[in-house]
Amino acid sequence: MSDSTDDSARPAKRARLDDNAQPSFSAATSTITASQAATTASTVAIDTDLEREVRAGITEYVCPDNLGFTGVLKQRYTDFLVNEIALDGQVLHLRSTQPPKKKEGKQVNGSRSIVEGSKRIDTKEEKLVVKEENGEANMPDVSSGGDTTIETPVKTEDTPAQDQLVIKEEGDAQPEVKTEEVKLEPEIELTEDDRVTLDDIFGEETTNQIVKLASQVRRREQRKAKDFKAVIAPPITDKEKRTQAHKSLRRIFPSLLESSMEADQSIRIKATPPAERKGKNKGKGGGRDRGDNGGSRSKGPQMWEELGGEYLHFNLYKENKDTMEIVGFLGSKLGGGAKAFGFAGTKDRRACTVQRVCVKRQTAERMFSFNKILYNAAIGDWEYQPNGLTLGNLMGNEFTITLRDCHFQGEEGMDYAQRYQLANQVVGKSIEDFSQKGFINYYGLQRFGSFAASTDSIGRKMLQDDLKGAVDDILAYSDVALAAAQGTLPEDSDVLVSHDDRNRAKALHLWHTEGKASQALDSLPRKFTAERNMIQHLGSRNSRNGQYDRKSDWQGALMTIPRTLRLMYVHAYQSLVWNAVAGKRWTTHGDKVVEGDLVLVHEHRDKEANKETIKQEDTDDSGEVVINPTGTENANAGAEAFERARPLTKEEAESGQYSVWDIVLPQPGFDVEYPKNDIGDFYKDFMGSDKGGGLDPHNMRRGWREVSLSGGYRKFLARPLKPVEFEVYKYWKEDEQFVETDLQRLRKESGEASQTDRTANGAVKKDVEIEDGEEMEEVKEEDKLAVVIKLQLASSQYATMALRELMKAGGVKAYKPEFMGGR
């Protein structure tokens, strides 16, 4: 996923480091002369997609003899539509944003709801709640983050008056406590997300101390704050990260811990005074019960059960945005953060996508209100369900891809009409073979990065226990980028370096030559999270001895990187090995099933030889009906989803019961089976080579758990879930749009003023506004051809790899905008 929202910050060409070059951080290179920069710039290697594919092990085609074609991908974000396919096979579309209509007079949670005029009155035994309508479908006040509610509690003898509450200062006399009540409550257990957040901010050791302190406070809520030993976290020089630290502590340990910054920018974390924590530590993490994630407290279990469940599922439509960007924004409005939401998978940024998302204990009316403030996004198609969504809860994705300015092999000398006819023939033949024979299920280039110090090379060094080398690779920079930052790049150089890349090179150069973290961090753009966190750690003071002795704590530096990014490095190495093995498997055996090939056990239980089939009877010996457990009540429920593979015998391979679509190849790890044939031997050869890092596939356990890989399995070949559709368009306007997005369709159906209409050939085009007195003059550009392809792929399959098979070598040309001056 891209982490930059400004296209102008990305250059058309980017310099990379050579494979054998060491990272630039020597004091000897503190200044680059113009002549040095000219030499470097003239010889710098700019990776083409074809070169990157070869480096990533992507080399083979299933149908190499078909004619190929070229086309520009993602020139506009509407050129790449992605619609999630649910587990039931339904392709998700945004069909409506309106919330379901309310049922008046319905009994809710033991209270009587009366709708009268512009007010709804909920009567309960001890509380009167009056909810003023805002005139728009019971929509809440978005600015307040919740329903507009006036609660008037009925005063009883047991209800203490607010003005009787006295919070005594530490110096005041405290009432005598005869016995200390120690609650036998378990240690505070953090969610995985909260643990990752705190580890990324404070480090694993400090996080453990914080959790221990919070547990002690919760067990002894009557003790004074000074009775608990405070935790001193390492200095954090980044103001934004300090703010995140304070907010995270308040959110995760509400009413238990408070924090403050010391003079050396370290953070003191101590217990709150007893008056602030008494009776408030009932929920997870020690705080009040926030199970409703900011929803109305009057909505009890009975209400959610009547609606259909505690989880509100909805479709999220977004344009040119990350999934987490939208989810994070909605979470900030609800007050529970992004962790309140669940989804089956993230979607491309430069695209128009639709996916299913869920949130716990929120009403459709409240979520609908956020459509007013969502930009280039919308939510709708609401449904209450008893269960949430987790990663992987999808069948796949439907892609509608527009390839612009297409050219075809053999079109030389043809006129426009002949090119159009050839286009239909070439694309038609490619798609026919592709639908039948599929493609090698390679991991796409997104896994590996753009430069020689790629993610897989960093992961390889981590697996080699060369942690210093991994840190050096992450903190490496190009001499060309530094020359651009210092203003010594020749004027006639055609290498463009973005503003962010210049500042990154400048910051890392300062760090390597002068070792001053604060100066480096001032120059380093915030988007480079890994670099920032590592420099902060390496340049910080050790809280144990007060010394600045962390400059060689390589593992500690790597641990400051967000966990998902750390795992990405080692997973990229696994992907490189898998790609290389897949290419070898195809060139050696093609689509034949051979002895020793692996298949997943749970997919082929019915084919196993000498297996007794156990039939589940409908009645027992006494004639009673047998009710077999299902779902989570079944002790064997998880067995089907737990992947194990086994090699085929010679008889099984020749039986015809297994096809090439059943074959899987393992990602290297300590808990996988390797093929019992020459492909299994190739794992040893490749991983033992220089490119493979001299590693042993049968020895993948490491002392550092983060890089101790268990492995997994991936299908060797893939094919679309249904026949692929395509259409060739003639066009000449650069911004011609050929498909309609869900949001455009909704606006048209609702009668809103549409910004688009149709061209003569069915394509969608933008209206052109003309001022009074101005004559419209259209300048016809060169006649061009576009190909629109619609295909459905299973989850974890790469659309770019499918396009590669269809278009052949160098066919996919990623759109790169023009830049002025290499900002």
Side-chain angles (χ1 to χ4, degrees), residues 57-66 85 87 89 392 394-399 430-444 575 578-609 611 640-667 672-680 682-683 711-725 789 791-806:
I58 304 169
T59 56
E60 307 302 327
Y61 295 91
V62 171
C63 298
D65 298 330
N66 283 345
I85 305 174
L87 291 174
L394 75 165
M395 181 179 291
N397 296 285
E398 179 178 87
F399 299 89
S430 294
I431 284 181
E432 180 183 359
D433 290 342
F434 174 83
S435 298
Q436 295 176 1
K437 301 179 181 179
F439 62 102
I440 300 175
N441 196 20
Y442 285 124
Y443 286 100
S575 303
W578 194 97
N579 281 356
V581 172
K584 179 68 174 179
R585 173 61 177 76
W586 180 257
T587 56
T588 305
H589 301 294
D591 60 359
K592 295 180 180 178
V593 180
V594 298
E595 179 183 359
D597 279 338
L598 298 180
V599 296
L600 294 177
V601 172
H602 71 268
E603 288 186 355
H604 305 283
R605 294 190 185 279
D606 58 328
K607 301 174 185 176
E608 295 179 18
K611 177 178 173 59
E640 295 297 314
F642 188 72
E643 288 191 341
R644 286 292 181 193
R646 67 175 183 85
L648 297 176
T649 65
K650 182 178 180 181
E651 293 75 16
E652 288 176 323
E654 296 174 350
S655 67
Q657 290 184 300
Y658 300 88
S659 72
V660 68
W661 309 107
D662 299 323
I663 297 173
V664 295
L665 294 173
Q667 299 167 314
V672 294
E673 184 84 17
Y674 290 97
K676 302 297 184 183
N677 51 29
D678 52 349
I679 302 304
F682 183 73
Y683 275 91
Y713 300 97
R714 182 176 176 85
K715 286 293 179 71
F716 168 45
L717 290 187
R719 57 182 170 183
L721 299 176
K722 60 180 293 186
V724 181
E725 303 173 17
I789 297 174
L791 74 159
Q792 293 186 1
L793 298 177
S795 60
S796 301
Q797 295 176 1
Y798 287 81
T800 51
M801 294 296 97
L803 288 176
R804 174 184 177 273
E805 178 67 39
L806 284 169

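At least one side-chain heavy atom of Arg585 sits under 4.5 Å from a side-chain heavy atom of Asp597. By the 4.5 Å heavy-atom criterion applied to side chains, Pro666 and Tyr674 are counted as neighbours. Residues His604 and Glu652 form no side-chain contact, since every pair of their non-hydrogen atoms from C-beta on lies 4.5 Å or further apart. Taking 4.5 Å as the limit, every side-chain heavy atom of Ile85 sits out of range of all side-chain heavy atoms of Leu394. Using a 4.5 Å heavy-atom cutoff, the side chains of Trp586 and Leu717 are in contact. Looking at heavy atoms from C-beta onward, Gln436 lies in side-chain contact with Glu432 at the 4.5 angstrom threshold. Looking only at side-chain heavy atoms (C-beta outward), Val672 and Gln667 stay at 4.5 Å or farther from each other. Residues Ile789 and Leu803 form a side-chain contact, since some pair of their non-hydrogen atoms from C-beta on lies under 4.5 Å apart.
The only member of Val599, Leu648, Asp662 that meets side-chain contact (heavy atoms from CB on, under 4.5 Å) when paired with Val593 is Leu648. Arg804 pairs with exactly one of Tyr61, Tyr798, Phe439 by the side-chain contact (heavy atoms from CB on, under 4.5 Å) rule, that one being Tyr61.
When atom types are taken as modelled, the side chain of Gln792 and the backbone of Gly396 share no donor-acceptor pair closer than 3.5 angstrom. At distances below 3.5 Å, not a single donor-acceptor pair connects side-chain atoms of Asn66 with backbone N or O atoms of Ser430. With hydrogens and angles ignored, the 3.5 Å screen pairs no side-chain donor or acceptor of Glu595 with any backbone N or O of Asn677.
In terms of heavy atoms, Gly596 sits closest to Pro647 at O-CB, 3.8 Å. Residues Leu791 and Ala802 share a closest heavy-atom pair of CD1-CB, 4.0 Å. The two residues Ile440 and Ala582 come nearest to each other via the heavy atoms CG2-CB, 4.0 Å. Listed here is the closest heavy atom pair of Lys437 and Trp661: O-CH2, 3.2 Å. Here the shortest heavy-atom pairing between Leu598 and Ala645 reads CB-CB, 4.3 Å. In plain terms, the two heavy atoms of Leu665 and Trp578 that are nearest each other are O-NE1, 3.0 Å.
Applying the salt bridge (Lys or Arg N to Asp or Glu O under 4.0 Å) criterion to Asp591, with sequence neighbours excluded, gives no partner residue. In this structure, Phe716 has no ring pair (Phe, Tyr, Trp, His ring centres under 6.0 Å) partners at least two apart in sequence or on a different chain. Taking Glu673 as the reference, Lys676 meet the salt bridge (Lys or Arg N to Asp or Glu O under 4.0 Å) condition, with sequence neighbours excluded. Taking the side chain to side chain donor-acceptor pair (under 3.5 Å) definition, one finds that Tyr683 meets it with nothing, sequence neighbours left out. Residues that satisfy the ring pair (Phe, Tyr, Trp, His ring centres under 6.0 Å) test with Tyr713, not counting sequence neighbours, are absent from this structure. With sequence neighbours left out, Tyr442 forms a ring pair (Phe, Tyr, Trp, His ring centres under 6.0 Å) with no residue at all.
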| request: Given side chain to side chain contact (heavy atoms under 4.5 Å, CB included), test Met801 with Gln797 step by step and report yes or no. | output: CA-CA 8 Å; Met801 294 296 97; Gln797 295 176 1; over 6 Å; no
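Salt-bridge check for Asp678 with Lys584: failed, with every basic side-chain N at 4.0 Å or more from each acidic carboxylate O.
How far CG of Leu806 is from SG of Cys63: 9.5 Å, rounded to the nearest 0.5 Å. Distance CD1/Ile679 to CD1/Ile663: 10.0 Å, rounded to 0.5 Å. Within the model, atoms CD of Glu805 and CZ of Arg719 stand 14.0 Å from one another, a figure rounded to the nearest 0.5 Å.
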